[in-house]
Amino acid sequence: MTSARDGGSTIVALSSGAPPAAIGVIRVSGPKAKGAARALVGRLLEPRRATLARLRDADGALLDEALVLWFPGPRSATGEDLLELHCHGGRAVVDAVHRALVALPGLRSAEAGEFTRRAFANGRMDLAQAEGLADLLAAETELQRSTALASAQGQLSGQIGEWREAVLKLSAQVEAALDFSDEDDVEELPEGFTKSLEELGRALGNWLSRARAEKLGEGFRVALAGPPNAGKSSLFNALVESEAAITSPIAGTTRDAIERNVSINGIPLSFVDTAGLRSDSEDAIEQVGIDRAKSELDRADRVLWLGPEGEGPRDAWEIASRSDAADFEPKAGARFKVSAKTGEGVSELKVALVKAAGGTLPKPGEAALNARQHHLLSEAHTALCAASDSTDLLIVGEELRTVRLAFDRLVGRTTTEDMLDALFGRFCIGK
Amino acid sequence: MQRYDVLVIGGGHAGVEAACAAARMGARSALISFDLGAVGAMSCNPAIGGLGKGHLVREVDALDGVLGRAADAGAIHYRMLNRSKGSAVWGPRVQADRVLFKAEVQRLVQAQANLDLVEGEAAALALRGGRVAGVEFADGAILEAPRVILCTGTFLGGVLFRGEERFEGGRVGENAATRLAEQLRAAELPMARLKTGTPPRLDGRSIDWASLPEQPSDDENWTMSALSERRVNPQVFCAITRTTLEAHDVIRDNFHRSPLFSGAIDAAGPRYCPSIEDKIHRFGDRDGHQVFLEPEGLDTHLVYPNGISTSLPVDVQRAVVRSMPGLDRAEIVEPGYAVEYDHIDPRALTPDLQLRAIPGLYCAGQINGTTGYEEAAAQGLVAGLAAGGEAMGRAPPKLDRANSYIAVMVDDLTLQGVSEPYRMLTSRAEYRLRLRANNASSRLTALGIAAGCVSEERRRWYERREELRARFIAGFEREVGAKDLVDHGLKVRRDGGQKRIEEWLRHDGIDLTVLQPWIGENVDQDLELAQEMAEDAVYAPYLARQDAELQDLRASEGLALAPDFPYAQVPGLSNEMVERLSDASPPTLAAAGRVSGVTPAALAALLVHARRREAEKADSAPKAA
């Protein structure tokens with residue numbers, strides 16, 4: 001039996017969205033891709049050129065007329081021989097072509113992430129790029145897409161490459177001072193060593209203080225709070241309705257409060273409607289709800305306070321709600337006056353929230369760090385600071401070695417299989 | 001016909017350690033040399049140890065090798081290099097009297113049980129069915145043995161260069177083993193050429209010592225070997241002089257007469273102890289280079305001017321020497337020369353230094369592309385322990401990059417190969433903080449005892465020391481309050497609380513001496529041990545961090561790559577990667593990661609393919625009923 005993750009077989013998968021669609025792109029990667037082209041198309045194809053061809057199965061039955069592209073390895077997306085069939089996107093057509101392909105000897109359906117894994121294994125991308133691609137493919141909002149694209153295109157990898165060079169240079173200076181100081185051709189540490197070290201530390205610090213990639217998935221959290229019947233639920237509905245829902249909340253977080261993830265102008269926002277806050281409740285169950293509401297308020301990036309003025313959490317935005325109601329009580333310090341019923345103030349509030357969110361989320365086109373990357377970069381940063389603080393050259397050398405190790409792990413220069421499995425398991429089949 | 005388990009060709013530092021190590025493992029061994037009187041000769045600098053090299057001496061000693069004891073027997077000058085830095089990079093180094101050193105080596109070799117000495121010219125290897133079967137001598141005699149260790153140094157295809165002159169041979173006055181070289185060439189082993197050189201030897205009586213700054217021996221009592229109780233010889237001093245601009249001009253004017261620049265030698269020389277013409281060529285802007293004048297012995301007037309190794313013609317050498325302070329009337333007794341020699345690409349070797357192409361043939365020392373006595377001795381030890389162990393069906397001590405410089409060197413050589421003569425440096429050891437010259441016995445002697453390569457004398461010494469260590473550990477675990485320390489005039493914060501002594505040792509300005517009253521054991525019983533333990537305490541947080549790293553490393557050490565691993569069949573490996581990996585034949589995935597130029601992507605591809613092969617093997621293996 002062959003493990004499914006081997007690199008020797010030829011894999012097949014639909015790489016475009018689920019049918020029916022306008023077109024269905026089926027990719028075939030591996031040593032038998034050429035044979036597959038010959039079997040279905042009946043002739044050899046010119047490399048990297050789109051050709052219109054009739055696809056036939058082994059019995060000669062016509063399957064589809066498709067646009068066919070042939071990329072001989074290693075100059076292909078996976079680094080292997082790669083065949084792309086742009087078929088008509090109907091379910092039956094896609095299924096038939098897929099069936100005809102996997103019926104060929106040595107071809108099989110791909111597993112999740114297998115195309116990307118091969119691209120990584122064949123040196124077409126490093127780990128940080130692969131992570132970016134995984135994020136890119138999972139992106140639901142414009143902002144997620146543009147930050148993930150930056151990673152996939154190697155923005156982070158390039159930056160780490162530069163830092164790595166700089167650290168290697170510093171290490172070489174330390175090592176020269178340690179190993180050759182008794183031979184008169186080498187001086188002690190050059191002037192400017194500490195300065196370079198500190199500059200590098202600051203550069204890493206800047207990246208670390210950037211907004212994190214997870215924030216893109218979670219979105220900017222906005223909690224609506226106030227006593228019962230303050231109009232939270234109506235405002236909640238007014239804020240989320242007609243906005244594009246985001247379907248993939250981050251796994252593992254419990255959401256007892258009602259929560260909706262939406263994308264407004266490409267920015268992910270997460271609205272939470274909390275239970276009414278009442279400090280005098282004697283109902284145990286309600287008390288649990290209130291405790292959760294309080295923790296939601298702590299977690300939120302921004303609280304919209306619909307209760308009596310000044311009684312909300314610190315830094316909450318005072319909202320005067322139900323501006324249409326007869327018994328409307330204006331608040332002197334209200335930032336927004338809104339009515340869920342008439343829509344008054346709702347779009348202004350949305351614009352303000354999107355603006356506030358922008359400051360806490362990664363900038364468009366800037367690679368953002370995920371948790372793994374952030375952890376390793378922090379490790380490197382801590383070691384750099386420790387190196388600046390030490391006067392023992394041996395310790396400086398050791399700390400710099402730690403920095404290099406962290407960088408290596410960041411781009412996958414040292415990898416463990418577990419990590420690779422975890423990463424490539426995130427991909428849809430066919431990517 | 002005499003049969004042996006292990007034959008060692010060559011009586012230099014590698015050969016001596018190899019022969020003695022094989023014999024200590026219990027194997028019937030013989031050392032073969034052109035001239036048994038030359039066994040233990042120091043062909044170059046009469047110094048043992050130095051930065052990185054001192055670590056190797058102590059490690060060889062910890063496994064009961066010869067080098068450290070011989071160094072102490074010959075030592076006429078002790079110096080701890082790099083004293084101003086952390087102890088992990090201190091480099092113990094001695095000047096040794098050639099005669100005393102050689103006499104001690106010969107005494108130890110002769111006293112070694114299971115070891116015969118055979119004089120004769122080893123002309124060729126006897127091979128049978130592709131395996132080593134013994135050694136053929138020039139006179140036609142054959143000694144049979146299933147394992148042969150080649151420690152032939154620069155004797156292999158060596159050519160001497162001095163100006164326009166050429167000589168065949170290793171050292172001056174000895175024959176080069178060219179027949180053996182031809183045989184190895186015929187076996188199509190990957191081979192290349194390197195060069196090394198020596199400076200002219202001076203007559204000490206013609207040196208104006210009084211005008212030069214002295215460098216006295218350290219006035220401490222440390223020794224190279226753990227078994228040497230004290231320094232035995234009168235200590236001499238070295239002197240320091242410098243090359244001058246005048247000398248640099250003379251050298252520059254004669255570049256065309258140096259075989260290095262005339263194109264006669266195109267092999268790579270060491271970057272780390274380059275010839276003087278190389279230094280002038282590459283660091284032309286410097287106004288002088290230090291030269292250490294090192295007496296070669298107590299009963300000789302020969303002086304070794306360390307720092308001016310050269311292959312310039314004799315008249316130029318004389319002019320250069322005489323332009324230096326204190327040397328204006330110096331006489332050259334033996335001019336310097338360069339040697340170009342063949343070496344085997346060490347990537348053709350297994351981690352126990354056996355040639356993959358010729359099972360049973362081991363190689364150690366300069367033949368593997370290294371420079372230096374210490375590097376040679378350490379390889380001899382590795383090959384001797386492996387060959388001897390194999391003969392006896394016992395495993396040699398398990399050395400790895402985290403427990404010894406020896407393993408760092410062997411790993412570097414067999415995975416990365418060499419592009420210049422390989423010299424040990426502390427920066428080559430990533431786990432440098434735990435690999436100190438002063439803790440070699442603690443790191444390795446127990447492994448040696450378990451493997452059976454350590455003598456009774458050293459075993460007893462080690463066990464006594466371990467008993468003392470246990471008592472010191474108990475002392476180091478005692479708790480002392482900050483207040484207590486302050487009351488004794490120590491500068492710590494009064495509110496620092498209770499801490500164990502090993503924690504207090506990490507504080508600036510607090511050391512063993514000031515803590516002695518609380519330890520409960522007198523550290524003077526073995527101050528070196530106590531200091532070693534104090535350093536362990538200081539570095540403990542870093543070592544703990546390394547432990548986590550080592551766990552990862554050992555996990556990938558667990559994925560074995562067979563010597564015949566089909567790299568060419570791994571999809572996605574470029575031809576370059578296939579070539580690099582096939583040449584080095586790394587034994588594990590972790591080792592593959594250390595092969596130079598192997599990319600992360602290639603490693604990932606390798607990982608995936610190796611796992612698949614393992615799974616296939618497991619599936620095709622017959623199932624137990």
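Here is the naming used below: chain letters follow the sequence lines, and residue numbers restart at 1 for every chain. The model shown is predicted, which means the values in this text are computed figures rather than measured ones.
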Interface residue of largest heavy-atom contact number with chain B, from A/T78, A/I395, A/L393, under 4.5 Å: A/I395
Heavy-atom donor-acceptor pair, B/R432 side chain to A/L394 backbone, under 3.5 Å: no
Does NE2 belonging to A/H374 count more than 12 external heavy atoms closer than 6.0 Å? yes
In this structure, CG of B/D508 is separated from OG1 of A/T391 (nearest 0.5 Å) by 7.0 Å
Between B/Q546 and chain A, which part of the residue has a heavy atom less than 4.5 Å away: side chain, backbone, both or neither? side chain
A/T402 portion near chain B, given a 4.5 angstrom heavy-atom threshold: side chain
Looking at every heavy atom in both B/L51 and A/L178, which two are closest together, and how far apart are they? CD1-O, 3.9 Å
When rounded to the nearest 0.5 angstrom, what is the spacing between CD in A/E175 and CZ in B/R428? 11.5 Å
Value for CZ (B/R545) from CD (A/E379), rounded to nearest 0.5 Å, stands at 8.0 Å
Does CZ belonging to A/R75 count more than 12 external heavy atoms closer than 6.0 Å? no
